[in-house]
Amino acid sequence: MNAIATDCPCGSKKQFAACCEPYISGKAAAPTAEALMRARYSSYATGKIDFIEKTHAPESRADFDRKASEKWAKDSTWKGLHVVATKGGSPSDTTGIVSFIAGFAQAGKDYEHHEIATFRKEGTTWLFVDGKSPKPDTVVNTGPDVGRNDPCHCGSGKKFKKCHAKA
């Protein structure tokens with residue numbers, strides 16, 4: 001990747017050299033949890049897996065699978081990053097949460113990785129603590145309930161109780 005004239009993979013619309021590259025190269029520390037998360041995405045997109053490993057909190061490093069991360073980075077075409085929400089994680093905070101969607105493709109098929117990532121600041125360094133998949137939204141049926149003696153919704157002409165009702 002040509003860092004001089006290339007937009008940053010994180011989608012900031014800044015040049016890579018003025019966005020995530022200084023964090024990935026170790027020339028600067030990410031000032032916020034979101035900046036670290038964006039740099040981690042850019043690390044996958046550019047194959048810089050050392051940065052991913054280095055920015056794990058000590059308690060989560062045992063869970064890091066370097067070979068799998070290298071394979072995922074190499075086998076993927078990185079499509080973009082969308083930050084859904086942040087909570088905390090500012091330069092004055094010590095913890096932060098970043099919800100994001102990372103787009104990528106493998107073998108010509110598009111995928112989205114949804115994650116709610118937790119970060120902790122130690123001194124001036126933000127670290128990735130863990131990531132969880134968001135819980136699906138609860139669907140609430142707001143329509144009227146079908147009565148046992150109402151016509152079945154399938155159009156059979158039978159009463160619901162004689163057609164699709166569970167015993």
Side-chain angles (χ1 to χ4, degrees), residues 1-3 6-142:
M1 171 176 255
N2 182 350
T6 305
D7 286 342
C8 192
C10 81
S12 67
K13 297 190 170 61
K14 296 179 187 174
Q15 300 261 319
F16 181 62
C19 190
C20 292
E21 194 276 333
Y23 311 138
I24 295 168
S25 69
K27 293 176 186 166
T32 65
E34 181 179 341
L36 177 62
M37 189 277 310
R38 286 180 174 281
R40 287 172 58 87
Y41 174 85
S42 293
S43 291
Y44 278 109
T46 59
K48 308 284 187 195
I49 303 305
D50 287 345
F51 181 76
I52 300 294
E53 188 169 22
K54 184 177 105 179
T55 56
H56 267 76
E59 66 272 20
S60 65
R61 286 188 183 136
D63 296 331
F64 178 69
D65 184 338
R66 184 178 179 97
K67 284 193 184 283
S69 292
E70 287 172 342
K71 181 169 176 32
W72 186 34
K74 182 177 146 262
D75 293 349
S76 299
T77 301
W78 298 91
K79 300 284 198 159
L81 177 68
H82 172 67
V83 175
V84 176
T86 60
K87 181 178 179 186
S90 74
S92 61
D93 290 322
T94 56
T95 61
I97 298 171
V98 181
S99 175
F100 66 92
I101 301 169
F104 65 99
Q106 286 185 333
K109 186 171 179 188
D110 288 341
Y111 296 94
E112 289 185 336
H113 173 76
H114 297 236
E115 186 173 306
I116 299 171
T118 304
F119 298 88
R120 179 179 69 239
K121 191 174 183 184
E122 292 183 358
T124 60
T125 304
W126 281 99
L127 298 170
F128 170 79
V129 177
D130 69 5
K132 295 183 171 61
S133 295
K135 293 180 179 160
D137 293 333
T138 301
V139 176
V140 178
N141 185 0
T142 58

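Note that the structure is a prediction, hence the values are computed from the model and not measured.
Two residues are said to be in side-chain contact when any heavy atoms from C-beta on lie closer than 4.5 Å; I49 and Y44 meet this criterion. Side-chain contact between Q15 and E21: absent, with no pair of heavy atoms (C-beta onward) separated by less than 4.5 Å.
No donor-acceptor pair closer than 3.5 Å links the side chain of K74 to the backbone N or O of G47. Of the possible donor and acceptor atoms, none in the side chain of S76 sits under 3.5 Å from a partner among the backbone N and O of A73.
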From CA spacing to verdict: side-chain contact (heavy atoms from CB on, under 4.5 Å), V84, H114: CA-CA 9 Å; V84 176; H114 297 236; over 6 Å; no
Worked verdict on R120 versus E59 for salt bridge (Lys or Arg N to Asp or Glu O under 4.0 Å): CA-CA 11 Å; R120 179 179 69 239; E59 66 272 20; 2.6 Å; yes
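Among all heavy-atom pairs drawn from F51 and A39, the shortest one is CE2-CB, 3.7 Å. The two atoms that bring T86 and V83 nearest to each other are CG2-CG1, 3.9 Å, heavy atoms only. The heavy-atom pair separating A29 from T124 by the smallest distance is CB-O, 3.7 Å. For the pair K54 and R61, the tightest heavy-atom approach, listed with the atom from each and the gap, is O-NH2, 3.3 Å. In terms of heavy-atom proximity, G103 sits nearest to Y41 at O-OH, 3.5 Å. Considering every non-hydrogen atom in both A18 and K14, the closest pair reads O-CD, 4.2 Å.
Rounding to the nearest 0.5 Å places OG1 of T32 at 9.0 Å from CZ of R38. The SG atom of C10 sits 13.5 Å away from the CH2 atom of W78 when rounded to the nearest 0.5 Å. The NZ atom of K79 sits 11.5 Å away from the CD atom of E112 when rounded to the nearest 0.5 Å. Put simply, OG1 on T94 and NZ on K121 are 8.5 Å apart, with the number rounded to the nearest 0.5 Å. Rounding to the nearest 0.5 Å gives a distance of 8.0 Å between CZ of F119 and OG1 of T55. Rounding to the nearest 0.5 Å places SG of C8 at 6.5 Å from CD1 of I24.
For S60 and D63, the side-chain atoms include no donor-acceptor pair closer than 3.5 Å.
In this structure R66 satisfies the side chain to side chain donor-acceptor pair (under 3.5 Å) test together with D50, E53, E70, sequence neighbours excluded.
Using the six-membered ring where Trp is involved, W72 and H113 have ring planes that are perpendicular, over 60° apart on the 30 and 60° scheme.
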Identify all side-chain donor-acceptor contacts of residues 126-136 below 3.5 Å with residues at least two apart in sequence or on another chain.
{"unit_1": "W126", "atom_1": "NE1", "unit_2": "P31", "atom_2": "O", "d": "3.2"}
{"unit_1": "D130", "atom_1": "OD1", "unit_2": "T118", "atom_2": "OG1", "d": "3.2"}
{"unit_1": "D130", "atom_1": "OD2", "unit_2": "K132", "atom_2": "NZ", "d": "2.9"}

